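Have a look at the structure below, then the notes.
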Amino acid sequence: MPSTHQVTLNAPLDMHLHLRDGEMLNHIASASAKTFSAAIIMPNLVPPVSSKEEVVAYKKRILSAIGQEDFTPYMTLFFKPSYDKAFLESVQNEITAIKLYPAGITTNSEGGVSGFDVEELRPALEAMAELNIPLCVHGETNGFVMDREAEFVSIYEKLATAFPKLKIIMEHITTKASVDALEKFENLYATITVHHLLITLDDVAGGMLQPHLFCKPIAKRPEDREALLKIALEGHPKVMFGSDSAPHPKHAKEACGCAAGVFTAPIALQLLVELFEKNDASLENLQAFVSGNAQNIYGVTPGNKKVLLEKKAFKVPADYKGVVPMYAEEEIAYSIKEITHG
Ligand code: NCD
Ligand code: ZN
């Protein structure tokens, strides 16, 4: 993108977002609802969202938290191998995808899957493929922390081969190994966060430990970030923006035993514009990354919000109602100037 003073993004989509519940939901939902047309909402509440009643009720709470904003929450269920076709048919109209967590791998994922036995998963995953419900996956094993995602690639390959009609979305990829897998299997897609395009493990733990940059999967090596940057900047059609904005209260981050998650929702679009500009990538590719690709992959048609950004320094607030964002109190290059509805 040539250096420019103003950029308009149409119908931005965040294809991986944690909105939480209760007071936190009411405090942070507007940060996403203002600037995004829609977002895939993660189901890792306590207890996880896993029934029709729960998903309908959670959507209602989200809509009430966002007030007048023009924003569609694309709801998800927390995957269970026991989901059968009758259940999935009954809930299909309420959801956009189903999220699979390996058991215990991240925040509130204790009830997730262990073992990844294809035959055990077959009834649920075949029904999802038939009903065209995408499967979003947190792809990490419980191995050594830097190797967890690369080790999970063999599981992605096993699932992609066993269920060729199932759309499998590798969530928040952080490694070159995942980028390579994406190219090999037609039914694999991916989301990438903005923080994984910007930081490596060095930024998290190379100097003073930075709890607000600690997340799952942890940021990796420079060569991994390069591989992610390449496919994001070229607007690769199988890759979508998913912030994985994951707020935790300040006391849970600045603690002995720091919760995993980076809160980026209020600055995500500004950072993406700056990043694409810095790397001379086209606005067309940015538009594909933040909306077009997701529309094609998920078959969704979001409301046409237009977000006008201008090159004007923005000082990131120290906190948003007790949640510390990425780059708190630092200046970023772009600000949001105006939001309109087309
Ligand atoms: C997420 C959370 O806090 O819910 N944390 C994170 O570090 N990304 C869960 C997740 O997506 O892994
Ligand atoms: Zn997440």
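Start at 1 with the first residue, then count along the sequence. The structure displayed is predicted, hence computed values, not measured ones.
- N142 CG: 12 or fewer foreign heavy atoms inside a 6.0 Å radius.
- With rounding to the nearest 0.5 angstrom, the OH atom of Y334 is 7.5 Å from the NE2 atom of H5.
- Side-chain contact between F276 and F289 is present, with at least one heavy-atom pair separated by less than 4.5 Å.
- The structure places CD1 of I95 at 11.5 Å from NZ of K59, a figure rounded to the nearest 0.5 Å.
- Remark: the backbone N or O of T200 is paired with a side-chain donor or acceptor of D203 at under 3.5 angstrom.
- Formation of a donor-acceptor pair under 3.5 Å by the Q92 side chain with backbone atoms of L131 is found in this model.
- Interatomic distance, N93 CG to K52 NZ, rounded to the nearest 0.5 Å: 7.5 Å.
- Here D21 pairs with R61 in a salt bridge; the nearest charged N to carboxylate O distance falls below 4.0 Å.
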Between K220 and T174, is the side-chain hydrogen bond (donor to acceptor under 3.5 Å, both in side chains) condition met? List the steps.
CA-CA 6 Å; K220 304 289 189 312; T174 62; 2.9 Å; yes
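- Heavy-atom neighbours of K158 NZ from other residues, nucleotides or ligands within 6.0 Å: above the threshold of 12.
- Note that CZ of R225 and CG of D202 are 9.0 Å apart. Values are rounded to the nearest 0.5 Å.
- The only member of E171, H16, H172 that meets side chain to side chain donor-acceptor pair (under 3.5 Å) when paired with H138 is H172.
- Taking all atoms of both residues into account, the shortest heavy-atom contact from H196 to A219 is CD2-CA, 3.9 Å.
- Two residues are said to be in side-chain contact when any heavy atoms from C-beta on lie closer than 4.5 Å; F87 and L77 meet this criterion.
- Side-chain contact between S335 and Q270: absent, with no pair of heavy atoms (C-beta onward) separated by less than 4.5 Å.
- Between L17 and M42 the shortest side-chain heavy-atom distance does not fall below 4.5 Å.
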Run the numbers on E119 and R122 for salt bridge (Lys or Arg N to Asp or Glu O under 4.0 Å), then give the verdict.
CA-CA 5 Å; E119 294 319 311; R122 186 176 295 283; 2.9 Å; yes
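- When side chains are defined from C-beta on, L201 counts as touching M146, because their heavy atoms get closer than 4.5 Å.
- No side-chain donor-acceptor contact under 3.5 Å links K167 and N187.
- V290 is not connected to I297 by any chain of hydrophobic side-chain contacts under 4.5 Å among Ile, Leu, Val, Met, Phe, Trp and Tyr, and they are in different clusters.
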Checking Y327 against I332 for the side chain to side chain contact (heavy atoms under 4.5 Å, CB included) test, could you report, in this order, the C-alpha distance in whole Å, the side-chain angles of both residues, the deciding distance, and whether it holds?
CA-CA 8 Å; Y327 294 151; I332 58 175; 4.0 Å; yes
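- Rounded to the nearest 0.5 Å, atoms CZ (R148) and OG1 (T141) are 7.0 Å apart.
- Under the 6.0 Å cut-off for aromatic ring centres, Y156 and F116 do not qualify, their centroids lying 6.0 Å or more apart.
- Under 4.0 Å is where a charged nitrogen must lie from a carboxylate oxygen, and between K184 and E157 at least one such pair does.
- No side-chain donor-acceptor contact under 3.5 Å links S109 and T106.
- In this structure, the side chain of K305 engages the main chain of D70 through a donor-acceptor pair within 3.5 Å.
- Between S243 and H195 the shortest heavy-atom distance is O-CE1, 3.4 Å.
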Check step by step if side chain to side chain contact (heavy atoms under 4.5 Å, CB included) holds for V118 and F163.
CA-CA 9 Å; V118 165; F163 307 102; 3.9 Å; yes
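- Closest non-hydrogen pair, V323 versus P247, comes out as CG1-CB, 3.7 Å.
- Hydrophobic clustering (ILVMFWY, side-chain heavy atoms < 4.5 Å, transitive): L63 and I40 are in distinct clusters.
- Under the 4.5 Å side-chain heavy-atom criterion for grouping Ile, Leu, Val, Met, Phe, Trp and Tyr, I168 is connected to I98 within one hydrophobic cluster.
- Tracing side-chain contacts under 4.5 Å through hydrophobic residues (I, L, V, M, F, W, Y), one never reaches L271 starting from V324; they form parts of separate clusters.
- Taking all atoms of both residues into account, the shortest heavy-atom contact from K253 to A259 is NZ-O, 2.8 Å.
- With respect to the salt-bridge test (charged N to carboxylate O, under 4.0 angstrom), the residues E277 and K311 qualify.
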Show your reasoning for whether side chain to side chain contact (heavy atoms under 4.5 Å, CB included) applies to T76 and T96.
CA-CA 6 Å; T76 64; T96 303; 5.7 Å; no
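- Here the side chains of L308 and V7 are not in contact, with every heavy-atom distance at 4.5 Å or above.
- Using a 3.5 Å distance cut-off with no hydrogens or angles, the side chains of N304 and H341 do not pair a donor with an acceptor.
- A salt bridge is defined here as a Lys NZ or Arg NE, NH1 or NH2 lying under 4.0 Å from an Asp or Glu carboxylate O, and E226 with K230 fails to meet this definition.
- Atom CD of E331 sits in a crowded spot, with more than 12 heavy atoms from other residues, nucleotides or ligands closer than 6.0 Å.
- A donor-acceptor pair is defined here as one N or O able to donate and one able to accept, closer than 3.5 Å; such a pair exists between the side chain of D224 and the backbone of R221.
- In this structure the side chain of D319 never reaches within 4.5 angstrom of the side chain of K250, judged on heavy atoms.
- The local environment of CD in E223 is crowded, with over 12 non-hydrogen atoms from other residues, nucleotides or ligands closer than 6.0 Å.
- Of the residues listed (I169, D14, L13), the one engaging M240 in a side chain to side chain contact (heavy atoms under 4.5 Å, CB included) is I169, and it is the only one.
- Counting heavy atoms from C-beta on, the side chains of V153 and E149 never come closer than 4.5 Å.
- Remark: T193 OG1 to L272 CG distance equals 9.0 Å, nearest 0.5 Å.
- Clustering ILVMFWY residues whenever any of their side-chain heavy atoms sit less than 4.5 angstrom apart, transitively, puts L198 in the very cluster that holds V316.
- Nearest approach of E254 to P211, heavy atoms of both residues: CG-CG, 4.5 Å.
- The two residues L9 and L309 make their nearest non-hydrogen contact at CD1-CD1, 3.9 Å.
- The side chain to side chain contact (heavy atoms under 4.5 Å, CB included) test with M170 singles out one residue from I192, L188, V239, T191, and that residue is L188.
- S291 and Q295 are linked by a side-chain donor-acceptor pair at a separation below 3.5 angstrom, with hydrogens and angles left out of the test.
- Side-chain atoms of K321 do not come within 3.5 Å of backbone N or O of N26 as any donor-acceptor pair.
- Using modelled atom types, no side-chain atom of S114 and backbone atom of A103 make a donor-acceptor pair closer than 3.5 Å.
- Using modelled atom types, one side-chain atom of E54 and one backbone atom of S51 make a donor-acceptor pair closer than 3.5 Å.
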Side chain to side chain contact (heavy atoms under 4.5 Å, CB included) between K85 and E89: does it pass, once the steps are laid out?
CA-CA 6 Å; K85 191 158 180 202; E89 275 172 342; 3.7 Å; yes
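- Heavy atoms of other residues, nucleotides or ligands lying less than 6.0 angstrom from CD of E234 number more than 12.
- Close placement of the Y101 and F78 rings is indicated, their centers lying within 6.0 Å of each other.
- When only modelled atom types and interatomic distance are considered, R20 and H248 share a side-chain donor-acceptor pair under 3.5 Å.
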